[in-house]
Asks: 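Here it is, the structure in full.
Just so you know, ligand 1 is whichever comes first in the structure, and atom 1 is the first atom listed for that ligand.
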Amino acid sequence: MTDKNMIGVFDSGLGGLTVLKEFLRVLPDYDYSYLGDNARAPYGNKSDEVIYNYTGEAVDFLFKQGCELIIIACHTASAKTLRRIQQGYLLKFYPERRVLGMIAPITEAAIELSRYHRLAVIGTKATISSGVYKKELEKLRNDLEIFQQACPLLVALVEEGWAGKPEANMILKKYLRPLKVKQVDTLILGCTHYPLMIKDIRRIMGRNVKVINPAIMAAEKLVDYLKRHQEIEKKLGKNKQLVFYTTDDANKFKALGERFLGREIKEVNRAVF
Ligand code: DGL
């Protein structure tokens, strides 16, 4: 089977399956090819150059499989590489195809939802240190109060299946309390893994804070994007095919991935770049 005309979804590991899950909910007829770079994850603590090189290889792999459109579901990779990939690699090698990221869809949605314009963003160290959410929000409005918090321990807790455990909630409280004290009204979950903790995050932040699930926003924006870009949409396959790749162990991906995707994963292929 080739992945011709598929929508590619890339993540450093399993977290992007939370995004694919929402794509499948709102756009179930399309063909998708998911790549998790599990062998080299997490990206969140790595340097800019390493994140760029890894993401570039992953995007190139998906295009070589024939993907027409790729969504970089990883916030860290979106924050650190999207512009560079779009303006360099893509223009040079695949000018007819598209690469989209997570940041723009989420910032637009956050501004629409925020009432008092006091927003907070949580993410990996790399995402937060890039300041990209803050910059993109400020491009949309100049009267915002924006607070940021890196939460480097959360990815490991989710991967280990500790979401919901008292120890995990204790760490969550430690990260979220400073934002709560600032009386933010909207919280952006700027990482693929955080939707798996969304219930606890909502409880800790309280009912006055809107917590934005990036996966849902990205899916809504993809629907909108495909409506506006018929030249891309009409090329996409609509046979409900799902293909999975990982750079690490396929069985491990399958077992853990089903928890993130919320459905059975039939077959996983090993990707070698
Ligand atoms: N996928 C990453 C993100 O959304 C989290 C995991 C990692 O650090 O690689 O930022």
Side-chain angles (χ1 to χ4, degrees), residues 8-23 34-59 62 70-83 85 99-107 110 120-134 136 148-163 168 171-172 175 187-198 201 211-219 221 244-248 252-253 256-257 259-261 271:
V9 180
F10 164 66
D11 183 43
S12 55
L14 297 165
L17 292 168
T18 59
V19 180
L20 178 61
K21 180 180 173 184
E22 296 305 323
F23 288 174
Y34 182 93
L35 168 63
D37 189 8
N38 301 74
R40 303 188 292 193
Y43 283 13
N45 301 325
K46 294 199 164 65
S47 69
D48 290 10
E49 214 44 35
V50 166
I51 296 169
Y52 176 74
N53 290 338
Y54 286 0
T55 306
E57 283 176 354
V59 165
L62 285 171
I70 294 173
I71 288 89
I72 299 182
C74 176
H75 298 249
T76 303
S78 294
K80 293 287 187 182
T81 72
L82 184 66
R83 285 276 150 75
I85 287 178
V99 181
L100 307 175
M102 296 297 282
I103 318 289
I106 294 160
T107 48
V121 187
I122 56 174
T124 62
K125 270 190 189 160
T127 300
I128 297 304
S129 74
S130 76
V132 69
Y133 271 107
K134 188 167 169 4
E136 290 299 317
Q148 304 192 83
Q149 175 72 52
C151 306
L153 296 175
L154 299 187
V155 166
L157 290 170
V158 170
E159 296 252 338
E160 290 299 320
W162 279 46
I171 293 169
L172 257 185
Y175 285 140
L187 173 65
I188 297 174
L189 305 188
C191 175
T192 47
H193 288 58
Y194 302 173
L196 283 114
M197 300 181 120
I198 198 162
I201 294 174
V211 179
I212 297 191
N213 181 338
I216 292 177
M217 294 306 166
K221 293 288 173 182
F244 295 92
Y245 293 97
T246 176
T247 51
D248 201 353
K252 197 168 143 201
F253 181 98
L256 288 173
R259 181 152 48 87
F260 285 76
L261 190 63

Asks: With a 4.0 Å cut-off, would you call Glu57 and Arg40 a salt bridge?
Replies: yes
Asks: Is there a donor in the side chain of Thr124 and an acceptor in the side chain of Thr127, or the other way round, less than 3.5 Å apart?
Replies: yes
Asks: Which residue supplies the protein heavy atom nearest to atom 6 (C) of ligand 1, what is that atom called, and how far is it?
Replies: Ser12 OG, 3.6 Å
Asks: Under a 4.0 Å threshold between the charged nitrogen and the carboxylate oxygen, would Lys221 count as salt-bridged to Glu22?
Replies: no
Asks: If you count the atoms of ligand 1 from 1 in the order shown, which ones are under 4.0 Å from a heavy atom of Tyr43?
Replies: 7 (C), 8 (O), 9 (O)
Asks: Measure the spacing between CG of Leu100 and CD1 of Ile70 and express it to the nearest 0.5 Å.
Replies: 9.5 Å
Asks: Please confirm whether Cys191 approaches ligand 1 to less than 4.0 Å, judged on its heavy atoms.
Replies: yes
Asks: Among all protein heavy atoms in this structure, tell me which lies nearest to atom 2 (C) of ligand 1, with the distance rounded to 0.1 Å.
Replies: Cys74 SG, 3.4 Å
Asks: Begin with the C-alpha distance, continue with both residues' side-chain angles, and end with the deciding distance and a verdict on side chain to side chain contact (heavy atoms under 4.5 Å, CB included) for Ile106 and Tyr133.
Replies: CA-CA 9 Å; Ile106 294 160; Tyr133 271 107; 3.6 Å; yes
Asks: Kindly indicate, with the supporting measurements, whether the criterion side chain to side chain contact (heavy atoms under 4.5 Å, CB included) is fulfilled by Phe10 and Thr55.
Replies: CA-CA 8 Å; Phe10 164 66; Thr55 306; 3.9 Å; yes
Asks: If you measure every N or O of Thr127 against every N or O of ligand 1, does any of those distances drop under 3.5 Å?
Replies: no
Asks: Under the side-chain hydrogen bond (donor to acceptor under 3.5 Å, both in side chains) criterion, do Asp37 and Tyr43 qualify, and how do the steps go?
Replies: CA-CA 9 Å; Asp37 189 8; Tyr43 283 13; 2.5 Å; yes
Asks: Considering non-hydrogen atoms of the protein only, which is the closest contact for atom 8 (O) of ligand 1, and what is the distance?
Replies: Gly44 N, 2.8 Å
Asks: Which bit of Thr76 gets closer than 4.0 Å to ligand 1, counting heavy atoms only: side chain, backbone, both or neither?
Replies: both
Asks: Which ligand 1 atoms, with their elements, are less than 4.0 angstrom from a heavy-atom of Asp11?
Replies: 1 (N)
Asks: Just heavy atoms, cut-off under 4.0 Å: does Asn45 contact ligand 1 by side chain, backbone, both, or neither?
Replies: neither
Asks: Where on Ala41 is there a heavy atom closer than 4.0 Å to ligand 1, on the side chain, on the backbone, on both, or on neither?
Replies: neither
Asks: Looking only at side chains, do Thr247 and Asn38 share a donor and an acceptor under 3.5 Å apart?
Replies: no
Asks: What do you reckon, does His193 have a nitrogen or oxygen under 3.5 Å from a nitrogen or oxygen of ligand 1?
Replies: no
